[in-house]
2 protein chains.
Amino acid sequence: MVSGNTIAEVASLIGDAARANMLSALMGGQALTAGELASHAGVTAQTTSGHLGKLAQAHLIAVEKQGRHRYYRLASPEVAHAIHALMAVAADGPKRHHPVGPKDEALRLVRTCYDHMAGRLAIALADSLTGNGYLLLGDGAGLITDEGRRFFCDFGIDLDQLTRSKRPLCRTCLDWSERRPHLAGQMGAALLDRALGVGWISRREETRALRITRAGEIGFADKFRLPSDWRIAPSETLMVRRLPGSSIPAAGTTCRSQD
Amino acid sequence: MVSGNTIAEVASLIGDAARANMLSALMGGQALTAGELASHAGVTAQTTSGHLGKLAQAHLIAVEKQGRHRYYRLASPEVAHAIHALMAVAADGPKRHHPVGPKDEALRLVRTCYDHMAGRLAIALADSLTGNGYLLLGDGAGLITDEGRRFFCDFGIDLDQLTRSKRPLCRTCLDWSERRPHLAGQMGAALLDRALGVGWISRREETRALRITRAGEIGFADKFRLPSDWRIAPSETLMVRRLPGSSIPAAGTTCRSQD
DNA sequence: TCAACGGTTCGGCCGTCGCCGAAGCATTTC
DNA sequence: GAAATGCTTCGGCGACGGCCGAACCGTTGA
């Protein structure tokens, strides 16, 4: 009754097929033009314009003018989170439970998920980080160990910088193609950002799938000590890895939560 | 485009004021009758019936017949999670950012949040658990230490039992009245359940607020070693508590994630 | 300056859906 | 059995909102 009104407004904005398609497209993490969104939604430019106006007014998306183009992106990680949560509900529903993920092999290998990586590479990275004692993974989030902190610093990611933000540092995200967790949150975003920065991966046009460069092939395997078979769909049974006693991070630096 | 259709269906179901109010009411965690939901939504019985039918068909809620009543509840924790996420987006929106939570003092003290406790007591419990080294709280989730495992077992909660389920064991939830994290997930549900079971708290009619019994007053303070001032709204600055080196749980037992 | 292009605004059409009154079942109570 | 209660089904009304064609701005490039 009290906040019900507002959640209804938000949900009803997402609850239109055309808008839902646009938002889903924006879950790729890149800003898209109105035209691109129109084609994703399958409606005309005028209609799209109307939809985008509403979404922007409700602060679900943000706009940026650039020449004669207008680039739209999700307004906040909270919005991405909400859409993700709705996807989870939708997947649970009456429909078949087994279409399990993208047919496109490239998408399964590595793709963007809003602002971080998903797919087998992302899972392999998460496994590697936990296996080497850099990260403790829990139910939907993780803690970075002191060793992990040094590792990331060495990789060019300044965690202290990230900590200043209010946004959760280290979350996990369930991979819909592989049903395994991978890194999200600020850590996940920083990892994607850095990997793009050093040219280990690059974006492709018109798809969320990412390309792994030659440098990336070597770099990831070397720096993260990936097993040689990481491209194979990981078996569920490999999930459990006992980790040796490692130091515990200062509580304060990771004590942020959001839901 | 692929799963967009279905998320639109789900969102549009939530995106009606009457239905949103019903779902919000069900976030209290108790099953409610159609009549109660009708009064929460402010519409007639017929209209309510229609809404409930749609929600049930989409598996957002579940029904249970009991005599001439029909009890409705949220169908799954995923649904609760999605609604919560929508609330977070709605709260962020263009509106005032500062109405901050319930006026009702009882609600601020302790209340249900779907299937677990929220409010100052819940925060104090989470603080106590982390402070005593039973729990490591991260960004949205936590890890239970071996000591914590023993503690919970001693309190009558069998974690091994809980672990069998696929549902996340230990998540956190951001308290909207205090803006601090408290325990959710299976742990949170078990804690509420056990506290009700031993009579430390009891439900009230017509509200999500909980009542702390005399036994609870003593029990919580004693067992969880709560500070004497836990009823006072906790200051943000108390959040950081350095914890001594404590043992790390086996990775496998907590390696479940969902989002 | 003019044409091309991306995007938005306007106006009107049409379908969908929420709403309630009335009637119909089922269960409980007297 | 009859009345009361809780809930659902049916039917029809009304409004909100998505859709597109056409016209309108602003930027870009020749």
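Computed from heavy atoms alone, side chains included, the values below leave out hydrogens, waters and symmetry copies. Each chain gets a letter, A, B and so on, in the order the sequences are listed, and its residues count up from 1.
- Residue Ala45(B) is classed as a base contact, given a heavy-atom separation below 4.0 Å to a base.
- Residue contacts for Thr33(B): at a heavy-atom cut-off of 4.0 Å it reaches the sugar-phosphate backbone alone, with no base atom in range.
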Please list every donor-acceptor pair under 3.5 Å in which a side-chain atom of residues 64-72 of chain A meets a protein atom from a residue at least two apart or in another chain.
none

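- Contact of the His84(B) side chain with the Cys173(B) side chain is registered, since non-hydrogen atoms from C-beta on lie closer than 4.5 Å.
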Inset, instruction - Dump the intermediate steps for side chain to side chain contact (heavy atoms under 4.5 Å, CB included) on Ile201(A) and Met117(A), then the final yes or no. - result: CA-CA 10 Å; Ile201(A) 51 177; Met117(A) 285 183 276; 3.8 Å; yes
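- Ring centroid separation for the pair His81(A) and His81(B) comes in under the 6.0 Å cut-off.
- If you take CG of Asn21(B) and P of dC19(C), they are 10 Å apart, rounded to a whole angstrom.
- To the nearest angstrom, C1' of dT8(D) lies 15 Å from CG of Leu37(B).
- The ring pair (Phe, Tyr, Trp, His ring centres under 6.0 Å) check on His116(B) picks up His182(B), with sequence neighbours excluded.
- For Gln46(A) against dG7(C), a side-chain-to-base donor-acceptor contact under 3.5 Å is absent.
- Across the protein-nucleic acid pair, Leu55(B) atom CG and dC7(D) atom P stand 16 Å apart, rounded to whole Å.
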Give every pair of a protein N or O atom and an N or O atom of nucleotides 16-18 of chain D that lie under 3.5 Å apart, one pair per line with the distance.
residue : atom : partner  : partner atom : Å
dG18(D) : OP1  : Arg19(A) : NH1          : 2.9
dG18(D) : OP1  : Arg19(A) : NH2          : 2.8
dG18(D) : OP2  : Lys54(A) : NZ           : 2.4

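- Note on Thr44(B): a side-chain N or O is less than 4.0 Å away from OP1 or OP2 of dC20(C).
- Checked for salt-bridge contact, Glu105(A) and Arg231(A) miss the test: no charged N lies under 4.0 Å from a carboxylate O.
- Both Tyr72(B) and Arg68(B) lie near DNA chain D, and the one whose nearest nucleotide falls closer to the 5' end is Arg68(B).
- A donor-acceptor contact closer than 3.5 angstrom links the side chains of Glu36(A) and Thr33(A).
- In this entry the distance linking NE2 of His69(A) with C1' of dG29(D) reads 13 Å, nearest Å.
- Computed from coordinates, the Met22(A) CE to dC19(D) C1' distance equals 12 Å when rounded to whole Å.
- For Glu64(A) and dG6(C), the CD to C1' distance is 17 Å, given to the nearest whole Å.
- Protein atom CD of Gln66(A) is 14 Å distant from nucleotide atom P of dT27(D), rounded to whole Å.
- As rounded to whole Å, 12 Å separates atom C1' of dT9(C) from atom CZ of Arg70(A).
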